[in-house]
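Here is the structure we will look at, set down as structure tokens.
Order of the sequence lines fixes the chain letters, A, B, ..., with proteins taken first and strands second; residue numbering starts at 1 for each chain.
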Amino acid sequence: MMVAVGDTLPELVIEVTPTFVVSTAFATRDYQDVHHDRDAAVERGSKDIFLNILTDTGLVQRFVTDWAGPNALVRDIAIRLGVPCYAYETLTFTGHVSERDGKLVVVDVVGRNSIGDHVTGTVRVELP
Amino acid sequence: MIRDVADQVIARGESSRRAAPDPVNVPMVRHWVEALGDRNPIYTDPVAAAASVHGGLVAPPAMVQVWTMFGLRCTRPADDPLGAMMSVLDEAGFTSVVATNCEQTYHRYLRPGEEVTVGARLTDVVGPKRTALGDGWFVTTVSTWYVGDEPVAEMLFRVLKFRPPAEEPVGDVLRPVVSLDTEFFWAGTRVGELRIQKCLACGEVRHPPGPMCPGCGSTELTHVVADGVGEIYSYVVHHHPPMPGKRLPFVVALVELAEGVRLLAELIDADPAEVRVGLPVRVDFQRIDDELTLPVWRVRS
Amino acid sequence: MSTLSGAAAIVGIGATAFSKASGRTELRLAAQCVRSAIADAGLSPSDVDGLVTFTMDTNSEIAVAREVGIPELSFFSRISYGGGAACATVQQAAMAVATGVASVVVCYRAFNERSGQRYGRVQAAAAQQPTSTGVDNGWHYPMGLGTPAATVAMFARRYMHEYGATSEDFGRVAVVDRKHAATNPHAWFHGRPITIEDHQSSRWIAEPLRLLDCCQESDGGVALVVTTTERARDLPHRPAVVRAAAQGSGADQYVMNSYYRPDITGLPEMGLVGRQLWGQSGLSPEDMSAAVLYDHFTPFVLVQLEELGFCKPGEAKDFIADGTLELDGRLPLNPHGGQLGEAYIHGMNGIAEAVRQLRGTAANQVAAVRNVLVTAGTGVPTSALVLSA
């Protein structure tokens with residue numbers, strides 16, 4: 001795999017349907033009501049149900065391995081959390097290679113929705 | 001208090017390790033990749049996985065926390081460091097929480113059948129900091145996942161535990177019923193004067209005003225402009241229910257003025273915890289609209 | 001002794017269920033409690049010729065009379081100032097029957113105070129009525145002081161400051177009320193006592209008042225039948241004789257906002273009521289077998305004990321400290337659970353409880369009851385009764 005600093009990754013676009021929010025929350029064993037019960041989420045001051053953090057980490061991982069392939073080894077994922085990602089949002093991940101040291105590369109990732117940056121972070125991945 | 005508890009909990013180090021309810025297993029992985037739409041074959045396709053660098057099925061590294069989630073029925077263990085810190089901050093009024101950082105490091109991929117445990121320690125409590133969300137404390141914990149005694153992954157997790165800003169007022173301030181007897185007072189607040197009724201016959205000052213001097217019976221009444229300084233005689237911190245035009249919680253203070261009368265108004269820009277009987281205050285004026293200006297108190301330093 | 005003392009008696013009591021959502025009109029609640037009180041007295045609607053209620057009650061006397069089948073009314077009267085009216089309705093009825101203006105008078109109060117208009121909320125319409133009271137309210141509501149809890153909290157803070165009373169002292173009133181309610185099947189909080197720790201951990205409503213310092217909000221109705229003591233002797237129940245009945249309004253009085261008196265740690269209107277009660281009855285605080293003190297907010301229960309002469313100003317916290325208010329204590333308080341525990345029917349359910357105590361039919365019966373003191377709403381012009389066996 002030919003990789004250089006500055007390379008951009010293919011975009012990943014996620015339609016954040018209520019089904020997506022709920023199924024990912026349960027698949028990550030996160031039963032907090034704000035991730036599956038809109039009435040409860042609204043009661044707590046949110047606009048709607050929203051994505052949980054375990055899913056954000058998982059999506060960032062998917063974004064990078066979709067590009068890096070099945071033989072890449074993910075070493076760490078560090079994310080900062082920004083605006084919420086409510087149901088009915090479109091979440092778009094973009095990223096580029098920011099560092100390279102032999103097989104080890106660092107990818108900078110941003111997941112953005114209509115309100116702003118939902119998640120920003122870096123993934124350290126060892127390429128084959 | 002917050003600092004003391006933080007130091008104690010940090011000094012306790014890592015909590016006892018808690019075992020995942022299930023070993024790493026393919027059905028949960030399959031649910032996870034299906035929900036997230038991850039088509040990487042190394043998680044669920046035994047043939048492709050065997051041909052990969054892993055030589056067999058592995059779990060997605062980002063699932064590490066999933067194995068030890070509390071689920072629906074589990075309760076936080078008593079020695080959970082985040083739980084201890086959260087309750088202290090709740091008591092101090094920092095009742096809202098938002099996660100700010102999640103940093104996971106994977107030492108190796110996990111394989112189906114491996115039994116995972118997790119321990120957590122509090123590493124850092126920083127605050128109070130002024131943030132866009134309100135004043136708060138950043139609380140950082142580090143969790144370590146183990147297979148046997150081998151650490152396989154770590155996670156730094158940071159939350160901001162903050163005091164929610166006062167609720168926005170709902171509705172408009174209730175307007176006073178103004179009569180011919182009391183309109184001088186409200187005309188005064190509009191021009192920045194705190195007018196106190198005075199009897200022309202006997203000189204008695206009085207608030208609230210009325211049409212007749214209760215001392216001498218005269219209806220020949222005027223007013224003086226008060227200096228507007230006084231001390232809190234009593235006060236209320238109003239939390240519930242919402243009051244039209246007011247931001248919860250708010251302080252209403254009954255103030256004894258230097259002129260010898262008491263007058264009630266909202267005390268603004270004061271920390272409710274600092275208010276006490278005897279606190280010196282001075283009047284200020286809060287314009288609502290062209291018609292109505294309310295007197296308010298400010299702490300006099 | 002006044003000519004009123006002993007002339008009249010409460011001979012019938014009636015109530016609807018106490019709930020949070022009656023699902024009925026206030027008029028239906030009124031008609032039901034009035035009818036059941038008349039039946040309890042062993043009388044029929046045609047025996048009734050007078051009705052008394054609160055100015056705040058939404059059910060007109062003529063509508064109640066129509067529904068219940070009371071044919072003619074020769075006396076009807078209403079009392080102002082919210083819960084301060086409760087005992088004064090009985091005083092009105094007693095004066096009417098004692099003077100022959102009427103022969104049987106029913107006092108009633110019925111409302112959907114939880115499912116309908118909630119008094120614990122801000123009453124914007126009341127605040128802005130085009131009356132002298134509306135003008136008075138202009139000194140408080142626009143400034144943010146507009147709920148009953150907040151108005152009492154203002155007095156309570158000063159009381160704490162002057163006498164060193166604490167939130168725990170207020171809490172002891174709530175604990176004893178809820179203890180009594182716990183064993184009263186008619187109480188909303190039947191089976192649900194609280195501890196002082198529960199009180200201390202309940203949320204602030206208007207500091208220094210916590211949630212558990214504040215009475216509940218209720219739907220329901222209570223009615224009381226009053227006739228002459230002479231006629232009462234021929235009726236089925238042991239009469240609750242009106243030994244004393246008094247109203248009171250103090251100097252520089254406001255509705256809930258009497259903050260401009262030299263001292264605001266007392267309730268001088270209740271002091272005035274107390275002096276009349278002891279004067280009319282020839283009794284003293286020591287003669288009371290039990291007290292039903294109006295408990296919309298706990299601090300004013302302490303102040304009432306002081307104003308009525310059970311202890312000196314500022315000493316109520318010590319007076320109540322050692323089980324004084326328990327059922328077997330020196331002054332059993334609110335054996336039905338009060339408005340914190342049973343229901344908030346604007347004080348009328350407390351009068352019914354006093355009648356049951358004198359009959360010997362109360363859920364939490366105090367031993368050997370001779371005289372029961374009952375008070376009405378505080379912070380407003382108020383009233384009270386001494387009822388005797």
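- No other option in C/Thr147, C/Leu211, C/Val135, C/Thr131 has as many heavy-atom pairs under 4.5 Å with chain B as C/Val135.
- At a 4.5 Å heavy-atom cutoff, the contact between C/His140 and chain B is made by backbone and side-chain atoms alike.
- In this structure, no portion of C/Tyr159 lies under 4.5 Å from any heavy atom of chain B.
- Between chain B and the residues C/Gly146, C/Pro208, C/Ala156, the largest count of heavy-atom pairs under 4.5 Å involves C/Gly146.
- Between chain C and the residues B/Glu256, B/His240, B/Glu266, the largest count of heavy-atom pairs under 4.5 Å involves B/His240.
- Residues B/Asp227 and B/Arg282 are not paired through a salt bridge, judged by the lack of any N-O separation under 4.0 Å between the basic side chain and the carboxylate.
- Closest approach of C/Trp188 and C/Phe18 over heavy atoms only: CE3-O, 4.1 Å.
- Ranked by non-hydrogen atom pairs under 4.5 Å with chain C, the options B/Ser179, B/Pro241, B/Pro208 are led by B/Pro208.
- Both tests do not hold together for B/Arg195 against B/Phe185: distance to the six-membered ring centre under 6.0 Å, angle to the ring axis within 45°.
- Interface residue C/Arg261: only backbone heavy atoms are found under 4.5 Å from chain B.
- Only the side chain of B/Phe250 comes within less than 4.5 Å of a heavy atom of chain C; its backbone N, CA, C and O stay farther away.
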List, one per line, each side-chain donor-acceptor pair under 3.5 Å for residues 311-320 of chain C, sequence neighbours excluded.
none

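- For the pair B/Arg163 and B/Phe94, the cation-pi test (distance below 6.0 Å, angle within 45°) is passed.
- Neither the backbone nor the side chain of B/Pro272 comes within less than 4.5 Å of any heavy atom in chain C.
- Between chain B and the residues C/Arg158, C/Gln129, C/Arg157, the most heavy-atom pairs under 4.5 angstrom are made by C/Arg158.
- Both the backbone and the side chain of B/Leu254 come within contact range of chain C, judged by heavy atoms closer than 4.5 Å.
- Ion pairing between a basic and an acidic side chain is recognised when a charged N comes within 4.0 Å of a carboxylate O; B/Asp284 and B/Arg298 show such pairing.
- Of the listed residues C/Pro142, C/Ala124, C/Ala206, the one with more heavy-atom pairs under 4.5 angstrom with chain B than any other is C/Pro142.
- Because its NZ or CZ atom is both nearer than 6.0 Å to the ring centre of B/Tyr233 and within 45° of the ring axis, B/Arg262 counts as a cation-pi partner of that residue.
- Only the side chain of B/Val173 comes within less than 4.5 Å of a heavy atom in chain C; its backbone stays farther off.
- Aromatic pair C/Phe54/C/Tyr81: centroids not less than 6.0 angstrom apart.
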- [ ] With side chain to side chain donor-acceptor pair (under 3.5 Å) as the test, would you mind laying out the steps for C/Glu26 and C/Asn112 before giving the verdict?
- [x] CA-CA 6 Å; C/Glu26 295 185 334; C/Asn112 288 323; 4.6 Å; no
